[in-house]
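Notes follow the structure.
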Amino acid sequence: MLLKVGTIGILLASVAAVPAMAQSQPVPEAAPSAAPVDPAVSTVEPVQDTPSSSIEDIVVTATRRAERLQDVPIAVTAIGGSQLASAGVTDIRQLTAVVPGFNGGRNFAVMQPVIRGVGSTGITLLDESNVAVYIDGIYQPNSYTTMLELVEVERVEVLRGPQGTIFGRNATGGLVNVITPDPKHDFRGKVVGSYARFGGANDVNLRGYVTGGLSDTVAMDLAVVYRHNGGYIDDLVNGGQIGRTSYFDVRSKLLFEPSDNVEIVLTLGYANSEDFAANAVQPYENNARGRAFPGNILASRPYQASLNLEPFMKFDRYNAALKVSTDIGFANLESTTAYTRSSIDQQSDSDASNILLAQNEIHPQSEAYSQEFRLLSGGGGPFRWIAGLYAFRQTGEALVNVITSAGPPAPVNRTVINASGSTTAFAGFAEGTYALTDRLELTVGARYSDEKRDMTAGANGRIFVDDVDTSFSQLTYRGSLKYDLSPTANVYASYSTGFKSGVFNTYSVSPVPTDPERIKALEVGFKADPLSWLRTNAAIFKYVYDDLQVTARDQNGTAYILQNAAKADIWGGELEVTAMPTPDLSIRVAASYNKATYDEFPLAQVYVPLPAGGNQTAALDVSGNDLIRAPRYTLNLGVGYGFDLGGGRVQLSGNLFHSAKVFHDFLNIAVQDAYSLLNAEIAWTDAAQRVRVALFGSNLTDARVAQQITPGPVGTYLSYEKPLRVGASVQLNF
């Protein structure tokens, strides 16, 4: 059977009493079913400094229209901007600490998120993550530049499971949608400055936001962030510290409302990052081939580096988007046009020692264009629907310098790879929801995708792959039933499919693309507000995941290979509970269990440690092993407590995250042991909410947590999350 009946029974039995409790609760006012997507009207949370005796409704755009979170028949976590800040979450990777089933993985500077065990490990040119990242519903294709700082954020929505209908772009694992506020005609703004220390380094963070009307029909906003921290990683070769990081991001929106039924939003953005920490790796468990050579220096403790170069990752990203929404009576017509351009420079030492054995320099750049038209039903009635067309075009080129040596006194070999390619995709989709009765609702949707990829690549001036192209097409679909047990409780069952097309491996000049990966997912969920101050959401799921696209180091330890794992079996469950038993106290608990294993993977590229350092490359059967970055269980506890003091209000908040061990390789021998992370904040806001001062700390347990552990022939390297960090901030609102 696709679902384990016993698991379903246990979960449903545990919440069986909730519907009865919910019968006496008043019905919350839902968002209009025909409302177009308008992030500006979506409220995720009450203002933290204002006491509330009940949990407010969360309005999300997970279905491309504004709907109550509790009415959406899929697993969604939505967290507001102030909640993220108080939990210490400042970028997308850190959502790991607050979203069940989410892991913010990375490889060097490449963002590699995982949801419920499904996530990409690819870093090759034009390879897109199967956990898609969106900003205001606009797809961000470049994995190098999606480690976004959360500048001025209304909320972040994380959708778990394949999104093969109304979102669809490669989202076999799920998606992250960062919602930013649209400009307002009423003038307001804020400036936030913070200073912190971690690992002996200074950390300065400046953020600002302002919005206001320019005329009766035009409003504008501006959001800016600048962050800089010093080096905190001891350089054992040259002395001093490396690891400084700077980040600058500016975004502006222009809102134009020429009439009551037309809204136009133009968004422009630029981001620049210089990160000298992301690629500062060290040996995992002393496994480096460089230790066999005279004069070797190996990093033996966290936050040390012994490298034969200064590692870095730099990028520039430009974004532009135009969203037009028009009410045409029977429906709302929406158009979204987007453009993004990215340029990356990266240098890394792949053997994590001061002996030159393997290093590379990667310089990819890409441009992407997308156009989407959506038609959303208007008015009332039992049937609401959405239909649309989507077009996507991305081009890119990369220069890769691969430098290897057998070690001194052997010569140094250099291979220069040049690659270019493009992706062209078209899709049509439709989804409809029909109220069969006043309690039972059926949703059916489908998407047809057609994609073409091409590649040209060569090495050392010779072309080995000349304009090779391949095409893929796929119909994906989704169906769900939702039944209202009471006015404030419902159960749902959803079956969905997902698809990601095959990709070329441009970094090893391979003319053969991978096979597409496909996923089938069944989810059963329960959502209830049994009391005005209590919310409980639960889901269990079962995936059949075929032809996973996975990445491993090649035999030289510098480039990468892409291959398909035959099949994975994934099942588990999640529980989210939010409680506000008093106006001053809020509690949020999120837990997940995830058993994600390779059902069939007979020829996995694996690395077996050698006694003298380095690894032996082999092709082994790893069927039955756990998927990488898929801990069996995680637990999150967030608590907030407020009280009046000194003519203002004090808010205490803490966020504790615990994870089971995390595997980082197919053999399950490169492992991050179970760990806990604790973030906390104490803040005071004056009665007029003009001034907010806070003391905060992140990783207060000073845990040593691996961001990545990557094996290869010349050794296994890792890098750590930042150590204990404490600081203070001041926010001025106007």
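The basis for the numbers below is simple: all heavy atoms, side chains too, and nothing from hydrogens, waters or symmetry mates. Numbers for residues simply follow the sequence, beginning at 1.
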If I compare all heavy atoms of Phe504 with all of Pro511, which pair ends up nearest, and what's the gap?
CE2-O, 3.4 Å
Are Glu372 and Lys323 within salt-bridge range, i.e. N to O under 4.0 Å?
no
Are any non-hydrogen side-chain atoms of Tyr209 and Pro181 less than 4.5 angstrom apart?
yes
Go through the side-chain N and O atoms of Asp450 and Ser473 and say whether any donor and acceptor fall under 3.5 Å apart.
no
Mind checking whether Ile519 and Asp546 have side chains closer than 4.5 Å, heavy atoms only?
no
In terms of ring plane angle, is the pair Phe315 and Tyr247 parallel, tilted or perpendicular, where the classes change at 30° and 60°?
perpendicular
Exercise: do Gln365 and Glu397 side chains pair donor with acceptor under 3.5 Å:
yes
Among all residues two or more places apart in sequence or in another chain, which pass the salt bridge (Lys or Arg N to Asp or Glu O under 4.0 Å) test with Asp484?
Lys482
Tyr339 vs Glu367 side-chain heavy atoms within contact, under 4.5 Å:
yes
Between the main-chain N or O of Gly396 and the side-chain N or O of Ser366, is there a donor-acceptor pair closer than 3.5 Å?
no
All heavy atoms of Thr395 vs all of Leu126, minimum pair found to be C-CD2, 4.1 Å
When you check the gap from the basic side-chain N to the acidic O, do Lys253 and Asp221 get nearer than 4.0 Å?
no
Could you please spell out the steps behind the side-chain hydrogen bond (donor to acceptor under 3.5 Å, both in side chains) verdict for Asn537 and Gln70?
CA-CA 8 Å; Asn537 293 346; Gln70 297 303 92; 2.9 Å; yes
Set of residues satisfying side-chain hydrogen bond (donor to acceptor under 3.5 Å, both in side chains) with respect to Ser335, sequence neighbours excluded
Gln371
What pairs with Tyr390 under side-chain hydrogen bond (donor to acceptor under 3.5 Å, both in side chains), at least two apart in sequence or on another chain?
none
Side chains of Ile92 and Thr146: closer than 4.5 Å at any heavy-atom pair?
no
Please name the residue in the list Thr488, Thr578, Asp529 that meets the side-chain hydrogen bond (donor to acceptor under 3.5 Å, both in side chains) test with Arg535.
Asp529
Output all residues satisfying side-chain hydrogen bond (donor to acceptor under 3.5 Å, both in side chains) with Asp127, sequence neighbours left out; order by chain, then residue number.
Lys500
Specify the closest pair of heavy atoms between Pro513 and Thr470, including all atoms of both residues, with the distance to one decimal.
CG-CG2, 3.9 Å
Do any N or O atoms from the side chain of Glu441 and from the backbone of Leu436 form a donor-acceptor pair under 3.5 angstrom?
no
Does this structure show an ion pair linking Glu128 with Arg453, if we count only N-O contacts that are shorter than 4.0 Å?
yes
Between the side chains of Thr424 and Arg393, is a donor N or O closer than 3.5 angstrom to an acceptor N or O?
yes
Which value, rounded to the nearest 0.5 Å, describes the distance between Thr96 atom OG1 and Phe102 atom CZ?
5.5 Å
With distance as the sole criterion, is a donor-acceptor pair present between the side chains of Thr433 and Thr443 under 3.5 Å?
yes
Ile386 side chain near Ile166 side chain, heavy-atom distance below 4.5 Å:
yes
Quick one: does Thr121's side chain have a donor or acceptor within less than 3.5 Å of a partner on Thr551's backbone?
yes
Mind checking salt bridge (Lys or Arg N to Asp or Glu O under 4.0 Å) for Lys190 and listing every partner two or more places apart, or none if nothing turns up?
Glu152
Pair Thr514-Asn564, side-chain donor/acceptor within less than 3.5 Å
no
Test side chain to side chain contact (heavy atoms under 4.5 Å, CB included) applied to Val72 - qualifying residues, sequence neighbours left out:
Val60, Ala62, Thr63, Glu67, Ile74, Val76, Lys527
Please name all residues satisfying ring-ring contact (aromatic ring centres under 6.0 Å, His included) with Tyr318, sequence neighbours left out, ordered by chain then number.
Tyr270
Can you name the closest pair of heavy atoms from Arg447 and Ala427 and give their distance?
NE-CB, 3.6 Å
Does Ala75 offer a backbone N or O that forms a donor-acceptor pair with the side chain of Glu523 under 3.5 Å?
yes
Any Thr340 side-chain heavy atom under 4.5 Å of Pro141 side chain:
yes
OH-OG1 distance between Tyr477 and Thr497, expressed to the nearest 0.5 angstrom:
5.0 Å
Are any of the side-chain heavy atoms of Phe472 and Phe499 separated by less than 4.5 Å?
yes
Checking the side chain of Glu157 only, and the main-chain atoms of Arg155 only, is there a donor and an acceptor separated by less than 3.5 Å?
no
For Thr180 and Asp136, does a side-chain donor sit closer than 3.5 Å to a side-chain acceptor?
yes
Show the numbers, then the answer: is there a ring pair (Phe, Tyr, Trp, His ring centres under 6.0 Å) between Phe392 and Tyr369?
CA-CA 6 Å; Phe392 174 80; Tyr369 309 82; 9.3 Å; no
Apply ring-ring contact (aromatic ring centres under 6.0 Å, His included) to Phe167 and list each qualifying residue two or more places apart in sequence or on a separate chain.
Tyr134
Restricting to ring-ring contact (aromatic ring centres under 6.0 Å, His included), what partner residues turn up for Phe187, sequence neighbours left out?
Phe734
Ignoring hydrogens and geometry beyond distance, is a side-chain donor-acceptor pair present between Gln112 and Ser129 at under 3.5 Å?
no
Minimum-distance pair of heavy atoms, taken over all atoms of Ile570 and Phe541:
CG2-CE1, 3.9 Å
Scan residues 466-478 for pairs that pass salt bridge (Lys or Arg N to Asp or Glu O under 4.0 Å), counting only residues two or more places apart or in two chains.
Glu431-Arg478
Would you say Ser377's side chain and Trp385's backbone share a donor-acceptor pair under 3.5 angstrom?
yes
If we ignore hydrogens and angles and just use 3.5 Å, is the side chain of Asn177 paired with the main-chain N or O of Gly137 as donor and acceptor?
yes
Check the side chains of Asn332 and Asp327 for a donor-acceptor pair under 3.5 angstrom, ignoring hydrogens and angles.
no
With sequence neighbours excluded, residues passing side chain to side chain contact (heavy atoms under 4.5 Å, CB included) with Thr77
Ile79, Val99, Pro100, Arg160, Glu576, Arg588
Strictly under 6.0 Å, is that where the ring centroids of Tyr492 and Tyr483 end up?
no
Side-chain donor-acceptor pair under 3.5 Å between Gln549 and Asn130, yes or no?
no
Residues at least two apart in sequence or cross-chain that pass salt bridge (Lys or Arg N to Asp or Glu O under 4.0 Å) with Arg518, listed by chain then number, are none
Any side-chain to backbone donor/acceptor pair from Ser480 onto Pro73? Under 3.5 Å, distance only.
no
pair Arg251-Leu268: side-chain heavy atoms closer than 4.5 Å:
no
Just by distance, with hydrogens left out, do Ser259 and Asn261 show a side-chain donor and acceptor under 3.5 Å apart?
yes
Rounded to the nearest 0.5 Å, the CD1 atom of Ile115 sits from the CG atom of Leu175 at a distance of 7.0 Å
Write down the atom of Arg207, the atom of Thr90, and the distance for their closest heavy-atom approach.
NH2-CB, 4.2 Å
